[in-house]
Amino acid sequence: MTRTTAFGETTLLEGPPDQLRAALPAVLDGTPDDRAVFTEPLACAVHCAGNVLAGSDVAIVGAGTAGVLLAVLLRLKGCQVTLVNRSPERLTALSATALLREVPKLLTSEVGTRTFGTVVVTTALLDDSTFDSAWGLLPRDGGRLVLFGGIRPDWPVPGTRVLLDGIRRGEEVRELELGGRRALVVGTHGATGADFAAAGAVLAAPLPWTAGHIEELIVNRVPLPALAALLNEAVRAGVDPIGKHVVDIGR
């Protein structure tokens, strides 16, 4: 694949036609552009959701795009979903959306003794504090910790030599016993062609609890020349911008 820029309107692809067709899943006709931009992250969330049993009581740690898309999919799967996040501002913003208004939300600091049969970690980068919080949400025995977010390759589980990134990338299932708890640790990584097809079907169909859809997460349209200023301000402030910002490359 060759391209002149990451934000180019067109991309030149060369290869056998059958391989190109397999590598580029088509967006279903009639899917609005603002919804179609979520296809790739939603496909990854579909792949992750395959590790969660239908009807489960699930805590999703991290309320960024990955966590929110997973919450939508697991609601469609009949799961009882709770979003857990450090930032009250992010949870407040999500509560204002019809997409997630009815989903219970908890601050990490206010979880207390609540436990969940399945905990999915969707944060951008797992650290000691996030792992401890997620592990503490599991029951004493029989829980399931699903690794969906980013993990440094050399990061070990606190107090052990277990490297979770290998489990995540290898999509392994291992039993871990730590601090009086025993649970299955499940890795999920990437997406398949079938996941893209399933994501496209979700984007093309109405959601049963709202007249809106995934594009409700878009809070801003950023012209390409203004993107650098937005990113620099986020770095300066030390926080991620809340909501999805779509970059308009222009015509």
S.K.: Would you check, one step at a time, whether the test side chain to side chain contact (heavy atoms under 4.5 Å, CB included) holds for W135 with V119?
M.R.: CA-CA 8 Å; W135 190 251; V119 176; over 6 Å; no
S.K.: Under a 4.5 Å side-chain heavy-atom rule over Ile, Leu, Val, Met, Phe, Trp and Tyr, are L176 and V61 clustered together?
M.R.: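 They do share one cluster, since a chain of ILVMFWY contacts under 4.5 Å joins L176 to V61.
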S.K.: How close do V103 and R75 get, heavy atom to heavy atom, and via which atoms?
M.R.: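 Heavy atoms of V103 and R75 come nearest at CG2-CD, 3.5 Å.
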S.K.: Provide the closest heavy-atom pair for G15 versus L20 in the form atom of the first, atom of the second, distance.
M.R.: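 Looking at all heavy atoms of both residues, the closest pair is O-CD1, 3.6 Å.
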S.K.: Check A191 against F196 and note the closest heavy-atom contact, atom names and distance.
M.R.: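 It is CB-CE1, 3.9 Å.
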S.K.: I need the minimum non-hydrogen distance between V52 and C79, along with the two atoms involved.
M.R.: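 Scanning both residues, the minimum pair turns out to be CG1-SG, 4.0 Å.
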S.K.: Using 0.5 Å steps for rounding, measure from the CG atom of L83 to the CG atom of L106.
M.R.: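 So the gap between those two atoms works out to 9.0 Å.
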S.K.: Would V121 and V68 show up in the same hydrophobic cluster when neighbours are defined by side-chain heavy atoms closer than 4.5 Å?
M.R.: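 In one cluster: no.
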S.K.: So among V162, V185, T160, which one has a side chain to side chain contact (heavy atoms under 4.5 Å, CB included) with L178?
M.R.: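 Of V162, V185, T160, side chain to side chain contact (heavy atoms under 4.5 Å, CB included) with L178 is met by T160 alone.
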S.K.: What's the separation between atom CD1 in I60 and atom CG in L137, rounded to the nearest 0.5 Å?
M.R.: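 CG of L137 is found 12.0 Å from CD1 of I60.
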S.K.: For V173 and N51, what are the C-alpha separation, side-chain angles and deciding distance, and is it a side chain to side chain contact (heavy atoms under 4.5 Å, CB included)?
M.R.: CA-CA 10 Å; V173 178; N51 294 289; 5.9 Å; no
S.K.: Do you know the tightest heavy-atom contact between L69 and L42?
M.R.: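 Where L69 meets L42 most closely, the heavy atoms are CD1-N, 3.7 Å.
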S.K.: Before giving the answer on side chain to side chain contact (heavy atoms under 4.5 Å, CB included), spell out for I214 and L217 the whole-Å C-alpha distance, their side-chain angles and the decisive distance to 0.1 Å.
M.R.: CA-CA 6 Å; I214 298 294; L217 298 174; 4.3 Å; yes
S.K.: Nearest 0.5 Å please: distance from the NE2 atom of H189 over to the SG atom of C44.
M.R.: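 Reported value, rounded in 0.5 Å steps: 8.5 Å.
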S.K.: Say whether V120 and V46 are linked into one hydrophobic cluster, either directly or through other cluster members, by side-chain heavy-atom distances under 4.5 angstrom.
M.R.: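 Yes; V46 is reachable from V120 via cluster members.
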S.K.: Is a salt bridge present between R168 and D165, judged by a nitrogen-to-oxygen distance below 4.0 Å?
M.R.: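 Salt bridge present between R168 and D165.
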S.K.: Linking I/L/V/M/F/W/Y whenever any side-chain heavy atoms sit under 4.5 Å apart, do L74 and L147 land together?
M.R.: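 Different clusters: L74 never reaches L147 through Ile, Leu, Val, Met, Phe, Trp or Tyr contacts under 4.5 Å.
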S.K.: With side chain to side chain donor-acceptor pair (under 3.5 Å) as the test, would you mind laying out the steps for R86 and T130 before giving the verdict?
M.R.: CA-CA 9 Å; R86 293 177 180 175; T130 303; 2.8 Å; yes
S.K.: Is the number of heavy atoms from other residues, nucleotides or ligands within 6.0 Å of NZ (K105) greater than 12?
M.R.: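 Atom NZ in K105 is packed in, count exceeds 12.
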S.K.: Taking all non-hydrogen atoms of both residues into account, name the closest pair between G117 and L138 and its distance.
M.R.: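 Taking G117 first and L138 second, the nearest heavy atoms are O-CD2, 4.1 Å.
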S.K.: How far apart are the C-alpha atoms of R221 and D34, what are their side-chain angles, what is the distance that settles it, and do they pass the side chain to side chain contact (heavy atoms under 4.5 Å, CB included) test?
M.R.: CA-CA 10 Å; R221 303 191 70 86; D34 279 356; 2.8 Å; yes
S.K.: Under the criterion side chain to side chain donor-acceptor pair (under 3.5 Å), I'd like the reasoning laid out for S129 against D132: C-alpha separation, chi angles, the key distance, then a yes or no.
M.R.: CA-CA 5 Å; S129 175; D132 288 344; over 6 Å; no
S.K.: Checking D127 against W155: is there a side-chain donor and acceptor pair closer than 3.5 Å?
M.R.: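 The criterion, which ignores hydrogens and geometry beyond distance, is not satisfied for D127 and W155.
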